[in-house]
Amino acid sequence: MTKQNFFAASILSFALVSIGSAQGAVSPAANGEHYTQSQLKRLAHEARTPEDYKNLAAIYGKQQQDYLQQAAEEKQEWVRRSQITTSLYAKYPKPADSARNLYEYYVAKASEAGALSTKYSQLAAPAGAATQQHL
């Protein structure tokens with residue numbers, strides 16, 4: 001009887017691991033996850049059509065929104081931490097400094113993502129639209 005329970009438990013655990021592995025194999029675009037830096041570099045390198053560029057622009061636009069949201073949260077935390085007064089012998093960095101540094105990092109990353117989104121949006125635009133803007 002214990003061999004049957006062990007065998008059943010083994011099969012069940014194997015099935016759960018297999019299901020978890022299969023879910024992890026879904027592409028980031030299909031399940032809404034974020035792309036890695038290497039995936040983004042590969043997509044940018046392989047982009048040839050306006051649809052590819054639109055996809056890249058959308059990805060970077062989403063990243064920009066995410067970074068701006070994180071920056072707003074860190075700005076609130078920075079303000080909250082700035083109101084906390086501590087003794088003169090407090091250790092550096094102060095909690096407010098850490099929040100400020102995170103805020104500045106997220107703003108910089110949002111700016112980078114916004115620039116890339118604009119770049120790929122322009123590349124996705126048809127050639128005729130680009131010449132009409134210059135007239």
Side-chain angles (χ1 to χ4, degrees):
M1 190 71 162
T2 51
K3 285 186 179 183
Q4 288 177 340
N5 288 342
F6 178 74
F7 184 70
S10 298
I11 290 176
L12 181 61
S13 62
F14 177 74
L16 291 175
V17 169
S18 298
I19 290 171
S21 298
Q23 287 177 349
V26 176
S27 71
N31 61 12
E33 291 182 19
H34 296 283
Y35 287 91
T36 64
Q37 269 315 104
S38 60
Q39 288 174 325
L40 287 173
K41 285 182 182 180
R42 183 177 46 82
L43 285 173
H45 181 70
E46 295 173 353
R48 299 285 183 264
T49 65
E51 290 79 25
D52 294 338
Y53 292 124
K54 285 179 187 177
N55 185 29
L56 282 167
I59 291 168
Y60 282 114
K62 174 74 169 103
Q63 275 189 352
Q64 181 184 23
Q65 292 303 314
D66 291 344
Y67 282 128
L68 288 174
Q69 180 182 1
Q70 288 175 319
E73 292 169 3
E74 284 303 322
K75 178 134 187 174
Q76 290 175 351
E77 185 64 15
W78 177 20
V79 169
R80 187 188 70 77
R81 289 180 178 182
S82 295
Q83 296 171 351
I84 299 172
T85 57
T86 58
S87 68
L88 295 175
Y89 300 106
K91 293 183 178 181
Y92 183 82
K94 296 182 285 186
D97 294 335
S98 297
R100 184 192 71 235
N101 291 340
L102 272 174
Y103 166 74
E104 291 171 352
Y105 168 78
Y106 289 135
V107 168
K109 293 300 278 184
S111 177
E112 290 174 16
L116 288 169
S117 176
T118 302
K119 172 186 170 183
Y120 289 118
S121 292
Q122 290 173 349
L123 288 171
T131 57
Q132 290 177 358
Q133 290 177 354
H134 293 291
L135 297 177

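Residue indices begin at 1 and follow the sequence shown.
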Checklist line | Note, L40 side chain near I59 side chain (heavy atom, < 4.5 Å) | finding: yes
Next item on the list: May I ask you to test the E46-R42 pair for a side-chain heavy-atom distance under 4.5 Å?
Entry: yes
Check: Between the main-chain N or O of T36 and the side-chain N or O of Q39, is there a donor-acceptor pair closer than 3.5 Å?
Finding: yes
Please report the interatomic distance [atom1]([X]) to [atom2]([Y]), rounded to the nearest 0.5 Å.
X	Y	atom1	atom2	answer
S117	Q122	OG	CD	10.0 Å
L43	H45	CG	NE2	11.5 Å
Y106	K75	OH	NZ	16.0 Å

Item checked: Verify same cluster id: L116, L123 (apolar side-chain graph, 4.5 Å) -> yes
Check: Linking I/L/V/M/F/W/Y whenever any side-chain heavy atoms sit under 4.5 Å apart, do Y67 and Y60 land together?
Finding: no
Note to self: Less than 4.0 angstrom from a charged side-chain N to a carboxylate O is my criterion; do K54 and E51 meet it?
What the structure shows: no
Notebook entry, point to check: For N101 and S98, does a side-chain donor sit closer than 3.5 Å to a side-chain acceptor?
Noted result: no
[X] and [Y]: which non-hydrogen atoms are nearest, and at how many Å?
X	Y	value
A96	W78	O-CD1, 3.4 Å
Q63	A113	CB-CB, 4.1 Å
A57	S121	CB-OG, 3.3 Å
A44	L56	CA-CD1, 3.7 Å

Next item on the list: Could you walk me through whether E77 and R81 pass side chain to side chain contact (heavy atoms under 4.5 Å, CB included), step by step?
Entry: CA-CA 6 Å; E77 185 64 15; R81 289 180 178 182; 2.8 Å; yes
